[in-house]
Amino acid sequence: MSDHRPGRTTPPRPLDVESLFPALAAHRRTATRLHPRPGTPGPHDSHVGGPMLWPADEPWPVCTTPHRRAPGPGPLPLVALAQLHARDVPDLPAGPDGCDLLQVFWCPFDAHGPTGYGMYTHLRWRRAAEVRAPAAEPPAPGTVGFDGYLPEPCVLHPERITEYPYIELLTGELGAAVEEWEDAQEEAAYEAEEAAAESAEDGDEPWLPTYQCDLSVAPGWKVGGHAAWNLTGPGTMDCEACGCPTELLLTVATTEWQSDRTSWIPLEDGPMSPTGVVVGNHGKLNVFACPRDPSHPHGFSVQ
């Protein structure tokens, strides 16, 4: 990636959560926030919505599922969603056979899975140096079922951060202690808000950081780290090939933050939805990978 592109910096967390709860140190993970921002990426860049480093002599991936809203057409070319080079993204694991480039595609229709209304996402690993003659233009899907599947071209500004588990995954004494502290923070914030309303003072609303919103899982596009389970509640995602627990590989997010997570807004700036991507009901797609064998099938969860 070009060195002249300005970076993005996550503000320091408002509290040192390991000082509050030392046992969290055992659950610490790094993640790479991708910070996509509108731009003009090239085929050799890491990006969202840009041209893929795709061999001209290799067939483009397609979706063969029949689409009710697009009757008649044969297999539909998949939409190029994102491309990630290991050199740019510190938390991108090595792919099968040492591949260093992850390419992500999806179908522009909700017509998959047992319900017939699910997403279809396809990941392809490759060695970037082996692409000698990239394709000039990707095939167009021709028709799409939902504009939220068409990403705006964005360059990335990767930044490594530290994360901790989703609050409902904390168990035992640690989980109870964090839950108790979380409840106290929320109660104190409510009381401060009530006091401010009674005094009719103008100014910013009272705010206190919470574990869930400010100290654990970062919002937005990222690689690695911990998954958030805000829609379904905590879930497990085991490898369907070998049964071992998978690890979060990639999060594809509708927004870079939410109204209750503004402490994550980068110091430099930030459009809230730079990619134009919409996942589910304005949520996120978590992609999981097998830590034993990256060639095993990936797992997916919409949150």
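Quick caveat, the model's predicted, so the values are computed rather than measured.
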Go through the steps for L24 and Y164 under the test side-chain contact (heavy atoms from CB on, under 4.5 Å), then give the verdict. CA-CA 7 Å; L24 279 172; Y164 300 92; 4.0 Å; yes
Taking the six-membered ring for Trp, are W181 and F21 parallel (under 30°), tilted (30 to 60°) or perpendicular (over 60°)? perpendicular
Does R8 form a side-chain contact (heavy atoms from CB on, under 4.5 Å) with R37? I'd like the steps, not just the answer. CA-CA 10 Å; R8 293 299 184 274; R37 296 294 183 269; 3.7 Å; yes
Using atom types as modelled and distance alone, determine if a side-chain donor or acceptor of [X] lies under 3.5 Å from a backbone N or O of [Y].
X: R132; Y: E130; answer: no
X: Q83; Y: P43; answer: yes
X: T32; Y: V89; answer: no
X: S46; Y: H85; answer: yes
X: T255; Y: Q258; answer: no
X: H226; Y: H27; answer: yes
X: D45; Y: G42; answer: yes
X: S216; Y: Y211; answer: yes
X: Q185; Y: P209; answer: yes
X: T254; Y: V279; answer: yes

Return yes when atom [atom1] of [X] has more than 12 non-hydrogen atoms of other residues, nucleotides or ligands closer than 6.0 Å, and no otherwise.
X: D269; atom1: CG; result: yes
X: Y117; atom1: OH; result: no
X: N281; atom1: CG; result: no

Any chance the rings of W54 and F105 have centres within less than 6.0 Å?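 Yes: the rings meet the under 6.0 Å criterion.
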Are H298 and H122 near enough that their ring centres are under 6.0 Å apart?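 Judged by ring-centre distance (under 6.0 Å), H298 and H122 do not meet the cut-off.
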Nearest heavy-atom neighbours spanning F288 and A227: CZ-CB, 3.9 Å
Mind checking whether L249 and L123 have side chains closer than 4.5 Å, heavy atoms only?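 With C-beta onward as the side chain, the pair touches.
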Can you find a heavy atom in the side chain of L76 that is under 4.5 Å from one in the side chain of P141?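 No, too far: nothing below the 4.5 Å cut-off.
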Under the salt bridge (Lys or Arg N to Asp or Glu O under 4.0 Å) definition, can you give me all pairs with a residue in residues 290-303, not counting sequence neighbours? none
Charged N to carboxylate O under 4.0 angstrom, R87 versus D100? no
Using the salt bridge (charged side-chain N to carboxylate O under 4.0 Å, His left out) definition, which of the options R29, K222, R28 pairs with E163?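 Single salt bridge (charged side-chain N to carboxylate O under 4.0 Å, His left out) partner of E163 among R29, K222, R28: K222.
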Would you mind telling me which of Q212, K284, Q303 makes a side chain to side chain donor-acceptor pair (under 3.5 Å) with N230? K284
W106 vs V277, side-chain contact (heavy atoms from CB on, under 4.5 Å): CA-CA, chis, key distance, verdict: CA-CA 11 Å; W106 60 12; V277 164; 3.4 Å; yes
After noting the C-alpha distance and the side-chain angles of L84 and L250, does the key distance pass the side-chain contact (heavy atoms from CB on, under 4.5 Å) rule? CA-CA 10 Å; L84 304 173; L250 171 68; 4.1 Å; yes
With H35, which of T9, L156, T10 fulfils side chain to side chain contact (heavy atoms under 4.5 Å, CB included)?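 Looking at T9, L156, T10, the match for H35 under the side chain to side chain contact (heavy atoms under 4.5 Å, CB included) is T10.
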